[in-house]
Amino acid sequence: MESSAMRWIAALLIPAAFANDTAMHDGGAGPEPVGWTKKTESVIRMVREEVVVEMNPFDSAVSCRFVFVSGKKDAPAVQFLGFPDITRSDQYEGDTIGPLRDMRTFVDGREVKSELVSKRMGEDGQWIDLPAADPPCETWHVVKVSFPPGEEVVVERRFRTDNARTAGGPVFFGYTTETGGNWRGTIGEGRFVVHLAEGMGAAQLALEPTTGWRRSDDGRTLTLVWKDFEPRTDDERRWWSVGWMPREGIMTDEDKLRADLKAVFAD
């Protein structure tokens with residue numbers, strides 16, 4: 001996952017302009033309590049994360065569910081959680097990342113409105129607030145969440161996104177758990193399910209990690225479960241991805257990709 005195709009999911013920590021219980025992040029995965037350093041963890045633990053992906057050949061519908069419990073004893077803990085909205089095309093590396101579409105966020109089953117926040121890194125290494133997205137910049141869907149002491153809080157996000165592509169490799173959906181390392185302690189459980197669109201079960205798949213997946217009898221559902229893991233120190237549980245290739249060879253041309261797709265998945 002350290003390949004050029006996967007570097008986009010690396011955590012980018014942003015100094016938060018709030019008190020210690022508040023945070024925001026760039027994402028590429030679930031919510032992360034940024035403002036906390038790699039040596040200091042949040043007071044909140046992620047006890048479960050569940051990600052379900054409906055993967056089509058070129059885009060995916062994603063549903064994420066995160067269950068948190070605060071370890072703060074005397075009062076609610078408050079965090080600003082940011083969900084990323086990234087579009088990137090690296091002509092040199094041949095990588096492409098699509099933006100998020102139709103983002104919806106829910107807290108304990110209630111839909112909440114996100115605020116779009118954009119920032120750009122200045123030459124001095126400090127973040128500059130922008131009135132609107134003006135590339136190059138980072139943009140987040142931001143929500144403020146209160147975590148009562150000892151109670152489970154469920155944060156969900158649902159969106160669509162184009163699958164990523166890289167020269168010489170598969171079309172893939174990738175997810176990082178590394179940003180979750182700044183939550184308190186270990187992540188209790190990560191359950192990741194990818195449903196492949198009809199016809200994709202016969203595709204040549206590229207899975208990361210290469211082991212640990214369970215595949216359904218019809219070949220269309222892939223499941224990966226990790227228990228009680230710390231992605232900051234567990235190198236093999238920092239990320240995962242599911243990719244497909246209609247045939248062996250370099251896949252850089254979109255029109256050719258779609259032509260290959262029709263040939264492989266023809267009715």
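- Residues Thr161 and Phe173 approach most closely at CG2-CE1, 4.2 Å, considering heavy atoms.
- The shortest non-hydrogen separation linking Ser70 to Pro148 is CB-O, 3.9 Å.
- Taking hydrophobic clusters as Ile, Leu, Val, Met, Phe, Trp and Tyr residues chained together by side-chain heavy-atom distances below 4.5 Å, Val112 shares a cluster with Phe147.
- Met103 contributes atom CE, which lies 9.5 Å from atom CG of Leu116 (distance to the nearest 0.5 angstrom).
- Of the candidates Leu222, Leu224, Val194, Leu207 forms a side chain to side chain contact (heavy atoms under 4.5 Å, CB included) with just one, namely Leu222.
- Smallest separation of non-hydrogen atoms from Cys64 and Phe159: SG-CE2, 4.4 Å.
- Rounded to the nearest 0.5 angstrom, His195 NE2 and Glu54 CD are separated by 5.0 Å.
- Taking OH of Tyr175 as the start and CZ of Phe192 as the end, the distance is 6.0 Å to the nearest 0.5 Å.
- Between Phe68 and Val155, the closest side-chain pair of non-hydrogen atoms falls below 4.5 Å.
- Applying side chain to side chain contact (heavy atoms under 4.5 Å, CB included) to Ile187 and the options Met46, Arg45, Arg237 leaves one that passes, Met46.
- With hydrogens and angles ignored, the 3.5 Å screen pairs no side-chain donor or acceptor of Asn56 with any backbone N or O of Phe58.
- At least one side-chain heavy atom of Thr221 sits less than 4.5 Å from a side-chain heavy atom of Val193.
- Under the 4.5 Å side-chain contact rule for hydrophobic residues, Leu130 and Val142 do not share a cluster.
- In the displayed structure, Asp217 atom CG is contacted under 6.0 Å by at most 12 heavy atoms of other residues, nucleotides or ligands.
- Of the possible polar contacts, none joining the Trp244 side chain to the Pro170 backbone as a donor-acceptor pair under 3.5 Å is found.
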(Q) Quick one, Arg160 with Asp102, criterion side chain to side chain contact (heavy atoms under 4.5 Å, CB included). Give me CA distance, side-chain angles, the key distance, then yes/no. (A) CA-CA 6 Å; Arg160 297 193 71 90; Asp102 306 325; 4.1 Å; yes
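- Of the possible polar contacts, one joining the Asn163 side chain to the Pro57 backbone as a donor-acceptor pair under 3.5 Å is found.
- The shortest non-hydrogen separation linking Val153 to Ser146 is CG2-O, 4.0 Å.
- Of all heavy-atom pairs spanning Ile128 and Gly122, the tightest one is CD1-CA, 3.9 Å.
- Looking only at distances, a side-chain donor or acceptor of Asp108 sits under 3.5 Å from a matching main-chain atom of Val154.
- Put simply, the side chain of Trp226 reaches to within 4.5 Å of the side chain of Pro209, judged on heavy atoms.
- Distance check, rounded to the nearest 0.5 Å: CG of Leu196 to CG of Leu205 gives 6.0 Å.
- Put simply, the residue from Met55, Glu198, Arg215 that forms a side chain to side chain contact (heavy atoms under 4.5 Å, CB included) with Arg220 is Glu198.
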Q.
Under the criterion salt bridge (Lys or Arg N to Asp or Glu O under 4.0 Å), I'd like the reasoning laid out for Asp162 against Arg101: C-alpha separation, chi angles, the key distance, then a yes or no.
A. CA-CA 9 Å; Asp162 291 342; Arg101 302 189 300 274; 2.8 Å; yes
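- Aromatic pair Trp240/Trp213: ring centres closer than 6.0 Å.
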Q.
Show, in sequence, the C-alpha distance, side-chain angles and deciding distance for Arg48 and Glu152, and conclude whether the side chain to side chain contact (heavy atoms under 4.5 Å, CB included) test is met.
A. CA-CA 10 Å; Arg48 290 190 301 281; Glu152 285 193 350; 3.8 Å; yes
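- In this structure, Val51 is a member of the same hydrophobic cluster as Val107, with clusters built from ILVMFWY side-chain heavy atoms closer than 4.5 Å.
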(Q) Is there a salt bridge (Lys or Arg N to Asp or Glu O under 4.0 Å) between Arg191 and Glu50? Walk through the geometry before answering. (A) CA-CA 5 Å; Arg191 181 177 179 83; Glu50 304 163 4; over 6 Å; no
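- Contact between Arg158 and Ser63 at its shortest, heavy atoms only, is CG-OG, 4.0 Å.
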Q.
Applying salt bridge (Lys or Arg N to Asp or Glu O under 4.0 Å) to Glu230 and Arg238, what does each step give before you reach the verdict?
A. CA-CA 8 Å; Glu230 172 52 84; Arg238 291 182 177 179; over 6 Å; no
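- Taken to the nearest 0.5 Å, the CZ atom of Phe229 stands 9.0 Å off from the CD atom of Glu189.
- Classification of Arg65 and Glu49 as a salt-bridged pair fails, no side-chain N sitting under 4.0 Å from a carboxylate O.
- Considering CD of Glu115 and NZ of Lys144, their distance stands at 11.5 Å, rounded to 0.5 Å.
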